[in-house]
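Notes for the one structure printed next.
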Amino acid sequence: MARVVVDVMLKPEILDPQGQAVQRALPRLGFKGIADVRQGKRFELEVDGPVDDAALARIHEMAETFLANTVIEDFFVKVEEEK
Amino acid sequence: MTLDTVKHAAETPDVKLPWAELGLKEDEYARVREILGRRPTGAELAMYSVMWSEHCSYKSSKVHLRQFGEKAPDNDAMLVGIGENAGVVDVGNGYAVTFKVESHNHPSYVEPYQGAATGVGGIVRDIIAMGARPVAVVDPLRMGAADHPDTKRVLPGVVAGIGGYGNCLGLPNIGGELVFDACYQGNPLVNAGAIGVMRHEDIHLAKASGPGNKVILYGARTGGDGIGGASILASETFDDTKPSKRPAVQVGDPFQEKLLIECTLEAFAEKLVVGIQDLGAAGLSCATSELASNGSGGMRVELDDVPLRDSTLTPEEILMSESQERMCAVVEPEKVERFLAICEKWDVIATVVGEVTDGDRLEIFWHGEKIVDLDPRTVAHDGPVYERPYARPKWQDALQADDANKLARPASSKELREQVLAVVASPNQASKAWVTDQYDRFVQGNTVLAQPEDSGMVRIDEETGLGVALANDGNGRYSKLDPYAGAQLALSEAYRNVAATGAKPLAVSDCLNFGSPEDPDVMWQFAETTRGLADACQILGTPVTGGNVSLYNQTGEAAIHPTPVVSVLGVIDDVARRTPIAFAEEGQLLYLLGDTSEEFGGSAWSQVVHDHLGGLPPKVDLERERLLAEILISGSRDGMIDAAHDLSDGGLAQAVAESCLRGGKGARLVVPDGLDAFTLLFSESAGRAVVSVPRSEELRFTDMCGARGLPATRIGVVDGDAVELQGEFTLPLTEIREAYEGTLPGLFA
């Protein structure tokens, strides 16, 4: 089985209230020196069968229509090593 | 990249600017040049283009909206009228209430969750900018066909967005509407309303006066949200290295907004604020030019001091950004320190970005260079005004001639029974609990009535029980058939809904949703709507205190139905005396108030059974509406009626079904003399309500109606666990409930 990872991040110019909340909390907890935090989502997809072009195309479609809201989010697909 | 300063602009008159891409017309751009006596800088062009847009300048609608002022009835309750962030009315005991409805239609279609959420955020900031504490929100919605796949994308997102933002703010959502129609498929309407409460002395206005006073921007940092237009300026003219397209979508942060509410109200309480303005459409361009032009006119702003989320923003983008959760306050110098301290306490970023100056120029600086130098009135108030051509559409006569009274009526009792169930189960008539259950209706503990009652009602004074009621109504089908009557029927229905709960109607806000003003057909609909609404407000004595116009709700040639959403605010001395819709006491008598005639044009029955839209809407009788309202209010105050439900779309069949289900009791009905069963059940004649009267009060109630000249016909009694129409059919409540409550969950859950 192969694993494909889809990372979903808010587009850079879109406000990220969660990331901001984390950033505000850091200095209060003693972690200094972080200028900005942005928080995203990571999907780990275990693929049945080979990760060929067709499978990747399907995963792209899945990410574009379901995993990510492409109006406000970008996504990045990467294939991890076979186990 | 060279900075386009005022000096540079004066020296380079021939530089071409992308005014057309920013939405300005050729003559509008010529006027900007004439006003300035030179070409505008990029920043000035950004400001003019966004402030002279339809959305901000009301350039197509202004000439018609004037009627709301010219025909405004004398009304002692009106404290602040049209033109401020929101209107304010006196509700007694030293309390004032502000309320307004706005549209967030297009953003909600592009990104339903965030579009609807930021719609709630925007209207709430309008309320706090008046000095009031927001106490409730409402959301009238129009969606495409209920069974269309895209409606499944838009509606659940919109509802979740409204719930997510409103619930986080701790504001009860006390009402609204949901109507499906294929005409809204590509242009769903998401209107958002809010109510705020304050003491009379706490009213604040959007103006910057007193030279030397500081301009403070507070709330969220400014980012690249919602600046589709400005990026054209940035990318095509001054800097080719930037992303060419910024998204038009804004993301809201309700927790930031909650902090903004508390921080603003604390600053008000300590009397630290001279003038205030929220940042909505057109962001800083709008806030600075409006604050300045409503004051003495002079203001100097250092754009470098604006806190940014994205350091690559150009000055044009900063001026146009629509980042959410920001406000702008004008504060006297000696109070600035205290104001900033309050902001810090609430963890709200606040920065002095400028000051009020002598004179009448708005000057904006970037890196020490002057990039804007203009008279703020020319941006904020003296925009273009269009007398758009309008003409009664050619198809209007044919539409009105297609009489709904000719449609085939049920031939048997069995068919009549089936049609009652079909209407009750249709998406527009069915229970909206699937939507409203996602909203918090009772947070704060002051909600007295909420959906599915006729209007929402909240208590505003615990000691006396003083409360306010708000109803929103608008029937696009009626308006399509006759926009003048449609607007008056929308007002009539909202007015009636407020009175049905026992509250006295006081004032009106409206959100007017239409197609393209460049289409003379649409412009005629708009002109007729405003004329109808202004005339009716004059007769009913309820002034329009403010509102919003949303145009260009159009896909290709096809415009939406003309959809005026009318909100009526009412006041009730003691919320303990409110009238609910529930028929709850067996043995009580049911009276139909008003006259019922064969009026089926635009009706729910014609839509559900025949998929038909034609003929004329029900007749308007405003004097009758006023009389009916007086009877409903007196009946409630004197304990003569225990339940009341207004009759509107779906007619008596719908009203009785809802009241019976709400109270868990059935009703035995008879067809009164002079009417047939079908007309009794489905006619949508205006000026009617059904009331439940205790037997001990019957004589007193009928005497009152008789003396005042309001027809009151006994049509039955609350009894059993079925709705029975004598000689026609029996419908067990369980069967009605299944039909009424199953539809929306079946479609969207």
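Chain identifiers are assigned alphabetically (A, B, ...) following the order of the sequence lines, protein sequences preceding nucleic acid strands; residue numbering begins at 1 within each chain. For the numbers below, each heavy atom of this structure counts, side chains included, while hydrogens, waters and symmetry mates do not.
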Just verifying a value: how many Å separate A:D16 CG and B:D253 CG, rounded to the nearest 0.5 Å? 9.5 Å
Quick check: under 4.5 Å, non-hydrogen atoms only, which of residues 24-45 of chain A neighbour chain B? A:R24, A:R28
Is the count of non-hydrogen atoms from other residues, nucleotides or ligands lying under 6.0 Å from B:F255 atom CZ greater than 12? no
Please report the closest heavy-atom contact between A:E13 and B:R309, naming both atoms and the distance. O-NH2, 2.6 Å
CD of B:Q114 to CG of A:N69: how many Å apart, nearest 0.5 Å? 8.5 Å
Side chain to side chain donor-acceptor pair (under 3.5 Å) contacts in which one or both residues fall within residues 147-160 of chain B, not counting sequence neighbours: B:H148-B:Q185, B:D150-B:R153, B:T151-B:Q185
Is it true that atom CG of A:D53 has more than 12 heavy atoms of other residues, nucleotides or ligands lying nearer than 6.0 Å? no
In terms of heavy-atom contacts, A:P17 and B:V251 come closest through CD-CG1, 4.4 Å
So what's closer than 4.5 Å to chain B heavy atoms on A:L15: side chain, backbone, both or neither? both
Please flag which part of A:Q18 lies under 4.5 Å from any non-hydrogen atom of chain B: side chain, backbone, both or neither. neither
